[in-house]
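Structure record follows, encoded as structure tokens.
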Number of protein chains: 2
Amino acid sequence: MTHAVPSLRHTIADDLRTQIATGRLKADERLPSEPQLAAHYKVSTATLRLALALLQAEGLIEKIHGKGNFVRPPLRRITYAGGGRTPFDPALQVSICTTNLRARGHLRALLRVSSNSPLTEFLCVTHEGKSPHSLARIYVPRDLAPTIQLNSSPRPREAEPTATKVRETVTARLPTQEEATTLRISSTLAVLAITSVATDATGRVVEAALLVLPGDRADAVFTAHPTTEERETEG
Amino acid sequence: MTHAVPSLRHTIADDLRTQIATGRLKADERLPSEPQLAAHYKVSTATLRLALALLQAEGLIEKIHGKGNFVRPPLRRITYAGGGRTPFDPALQVSICTTNLRARGHLRALLRVSSNSPLTEFLCVTHEGKSPHSLARIYVPRDLAPTIQLNSSPRPREAEPTATKVRETVTARLPTQEEATTLRISSTLAVLAITSVATDATGRVVEAALLVLPGDRADAVFTAHPTTEERETEG
DNA sequence: GAGTGGTCTAGACCACGAG
DNA sequence: TCGTGGTCTAGACCACTCA
């Protein structure tokens with residue numbers, strides 16, 4: 001192939017990566033300060049910071065302004081199961097914030113409703129312990145709004161027996177500033193963005209969800225049975 | 001919410017982004033040299049380069065060593081359809097490279113075959129004009145190897161009528177160095193990585209595919225019919 | 001206030017591409 | 001050879017955290 005250019009930053013990043021992998025640097029441990037590391041590797045602080053940026057983009061370290069650089073603990077991977085079957089994981093806490101709003105722009109198109117049509121938004125953040133794991137914005141036409149009590153069902157998506165079709169669009173991108181801060185990830189760490197649209201038998205959109213999952217600890221799995229799914233002519 | 005820190009690099013990136021969006025900088029056009037841009041914005045070249053790095057991560061520009069920075073033309077988005085139904089796009093050229101190899105490590109586990117079991121690899125790169133669009137590594141047990149002639153069917157995946165189940169795992173990550181160069185994208189541009197495993201009625205793995213799609217121009221779409229898919233108890 | 005990371009500068013030197 | 005981007009340096013100054 002073409003490359004193999006061992007720039008200083010990569011050499012340093014490789015070394016630190018190994019130290020993390022072998023456990024010489026433990027989870028949640030603070031790295032030496034940047035000037036210290038720079039002195040140790042005999043490079044300028046600028047170069048050292050470039051090395052750290054590489055690790056940050058891989059999700060290996062977390063930089064905290066004024067405190068230091070920390071080894072990110074390897075959390076359990078999340079698996080998002082497509083097709084409307086969302087696996088409930090008892091180890092995750094979910095915080096839900098409900099808001100009423102009116103359809104406009106993207107949302108209006110996504111839910112195929114008229115402008116200013118009343119919607120209910122569920123903003124869900126799942127945590128494992130202290131670490132945020134995933135972010136979901138779920139939108140439902142207000143008249144279908146499941147009268148969900150937080151104590152009865154922590155996952156509004158389960159409460160949709162009317163959906164007969166779920167269409168999910170998956171993309172990879174870098175997080176917005178807001179997503180990066182709520183998920184506590186680097187803005188250079190790729191995320192999986194899933195747009196899920198559920199329709200009922202009449203073709204009406206029953207629910208639209210925008211999910212954002214950190215790429216370093218999330219997969220999405222989809223299973224299909226091609227022979228039994230010859231009937232695929234819809235948009 | 002928290003942020004709104006207009007650092008110089010972001011201000012400059014915003015300005016250039018606008019110039020690209022409004023067409024003042026046209027597709028494939030070369031930007032002024034970095035020293036020129038730095039002078040224009042009255043910043044150091046280091047800062048200017050940080051601004052360009054932001055645009056690069058968004059897929060807006062392409063840096064070519066020794067030549068300059070170029071506005072990346074907005075290509076048509078690719079849509080990968082899940083579930084084994086791969087839409088054939090006549091506007092794309094496909095280059096296929098066939099190799100025989102032996103199963104080991106990841107591949108062995110993915111195809112659920114014994115070690116050193118003979119496999120055939122299809123390395124496919126699709127292009128739209130000069131621009132590489134997607135990268136696929138397809139693995140098939142050698143005895144199932146479709147005796148594909150390049151002139152008869154450019155897409156070996158179509159030639160699998162035996163698959164009864166397709167399981168696709170989707171992740172978001174940054175590309176490897178090799179993927180970045182073949183796809184001609186920045187190593188900071190997120191990619192969609194799809195692992196597709198097809199099995200036949202007996203449960204044997206008929207084909208495994210590793211797809212890599214540039215995140216800025218690819219989506220993957222999955223459609224499910226929850227009510228008709230109650231039978232979901234397999235691994 | 002002491003210590004941390006975040007941003008920026010001015011300039012040296014190297015590597016690539018094209019004539 | 002010349003102009004381009006790529007890497008690195010040494011150091012200034014700012015912003016955040018915590019005692």
Side-chain angles (χ1 to χ4, degrees), chain A residues 1-16 25 28-57 60-72 130 177 180-181 184-189, chain B residues 1-16 25 28-57 60-72 130 177 180-181 184-189:
Chain A
M1 318 306 174
T2 83
H3 47 291
V5 271
S7 52
L8 284 182
R9 69 187 70 169
H10 286 107
T11 313
I12 297 172
D14 286 347
D15 185 56
L16 291 170
L25 283 170
D28 283 317
E29 185 176 339
R30 209 204 85 180
L31 274 62
S33 75
E34 297 184 353
Q36 281 169 7
L37 282 174
H40 174 261
Y41 288 110
K42 297 190 178 54
V43 296
S44 70
T45 58
T47 301
L48 183 105
R49 284 175 55 74
L50 289 172
L52 293 183
L54 295 174
L55 300 178
Q56 196 190 12
L60 289 178
I61 65 169
E62 176 177 7
K63 305 189 120 260
I64 306 184
H65 192 170
K67 296 181 73 174
N69 300 301
F70 297 83
V71 178
R72 235 159 82 100
K130 263 189 55 181
Q177 181 79 44
T181 53
R184 286 216 356 221
I185 58 177
S186 153
S187 59
T188 55
L189 177 70
Chain B
M1 322 303 179
T2 81
H3 48 289
V5 271
S7 53
L8 283 183
R9 67 188 71 171
H10 286 106
T11 314
I12 296 172
D14 286 348
D15 185 56
L16 290 171
L25 284 170
D28 283 316
E29 185 174 339
R30 213 204 82 181
L31 274 63
S33 76
E34 297 182 354
Q36 281 169 6
L37 282 174
H40 174 260
Y41 288 112
K42 298 189 178 52
V43 297
S44 70
T45 59
T47 301
L48 183 105
R49 284 175 56 76
L50 288 172
L52 293 183
L54 295 175
L55 301 179
Q56 198 189 11
L60 289 178
I61 65 170
E62 176 177 7
K63 309 191 110 248
I64 304 184
H65 192 168
K67 294 182 71 174
N69 299 302
F70 297 83
V71 178
R72 233 159 82 101
K130 263 189 55 180
Q177 181 78 47
T181 52
R184 286 215 359 219
I185 58 177
S186 154
S187 59
T188 55
L189 176 69

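The sequence lines fix the lettering, A, B, ..., with proteins before strands; numbering per chain opens at 1. Only this structure's heavy atoms are used, side chains among them; waters, hydrogens and symmetry mates stay out. Fair warning: this is a prediction, and the values are worked out from it, not measured in the lab.
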Taking side-chain hydrogen bond (donor to acceptor under 3.5 Å, both in side chains) as the definition, give me every residue that meets it alongside A:T47, ordered by chain and number, with sequence neighbours left out. A:S44
Heavy-atom distance under 4.5 Å between the side chains of B:L60 and B:R72, does that happen here? no
Whole-Å distance separating the [atom1] atom of [X] from the [atom2] atom of [N]:
X: A:I61; N: C:dT4; atom1: CD1; atom2: P; result: 16 Å
X: B:F70; N: D:dT4; atom1: CZ; atom2: P; result: 11 Å
X: A:L52; N: C:dT4; atom1: CG; atom2: C1'; result: 13 Å
X: B:E34; N: D:dG6; atom1: CD; atom2: C1'; result: 8 Å
X: B:K63; N: D:dG3; atom1: NZ; atom2: P; result: 19 Å
X: B:Q36; N: D:dT4; atom1: CD; atom2: C1'; result: 10 Å
X: B:L55; N: D:dG5; atom1: CG; atom2: C1'; result: 16 Å
X: A:R30; N: D:dT17; atom1: CZ; atom2: P; result: 15 Å

Return the set of residues passing side chain to side chain contact (heavy atoms under 4.5 Å, CB included) with B:A53 (not counting sequence neighbours), or none when no residue passes. none
Compare side-chain N and O positions of B:R49 against OP1 and OP2 of D:dG6 and report whether any pair is under 4.0 Å apart. yes
Please determine if a side-chain N or O atom of A:N69 lies less than 4.0 Å away from the OP1 or OP2 oxygen of C:dT4. no
At under 4.0 Å between heavy atoms, how does the protein contact nucleotides 8-19 of chain C? Give one character per nucleotide, 5' to 3', with B, S or -. SB-----BBSS-
Set of salt bridge (charged side-chain N to carboxylate O under 4.0 Å, His left out) partners for B:D14, sequence neighbours left out: B:R17
Under 3.5 Å, which donor-acceptor pairs link side chains of residues 29-39 of chain A to any protein atom two or more places apart or in another chain?
{"unit_1": "A:E29", "atom_1": "OE1", "unit_2": "A:K26", "atom_2": "N", "d": "2.8"}
{"unit_1": "A:S33", "atom_1": "OG", "unit_2": "A:Q36", "atom_2": "N", "d": "3.4"}
{"unit_1": "A:E34", "atom_1": "OE1", "unit_2": "A:R49", "atom_2": "NH1", "d": "3.1"}
{"unit_1": "A:E34", "atom_1": "OE2", "unit_2": "A:R49", "atom_2": "NH1", "d": "3.3"}
{"unit_1": "A:E34", "atom_1": "OE2", "unit_2": "A:K63", "atom_2": "NZ", "d": "2.6"}
{"unit_1": "A:E34", "atom_1": "OE2", "unit_2": "A:N69", "atom_2": "ND2", "d": "3.3"}
{"unit_1": "A:Q36", "atom_1": "OE1", "unit_2": "A:S33", "atom_2": "N", "d": "3.3"}

Return each pair, listed once, that meets salt bridge (Lys or Arg N to Asp or Glu O under 4.0 Å) where at least one residue sits in residues 35-45 of chain A; pairs must be two or more places apart or across chains. none
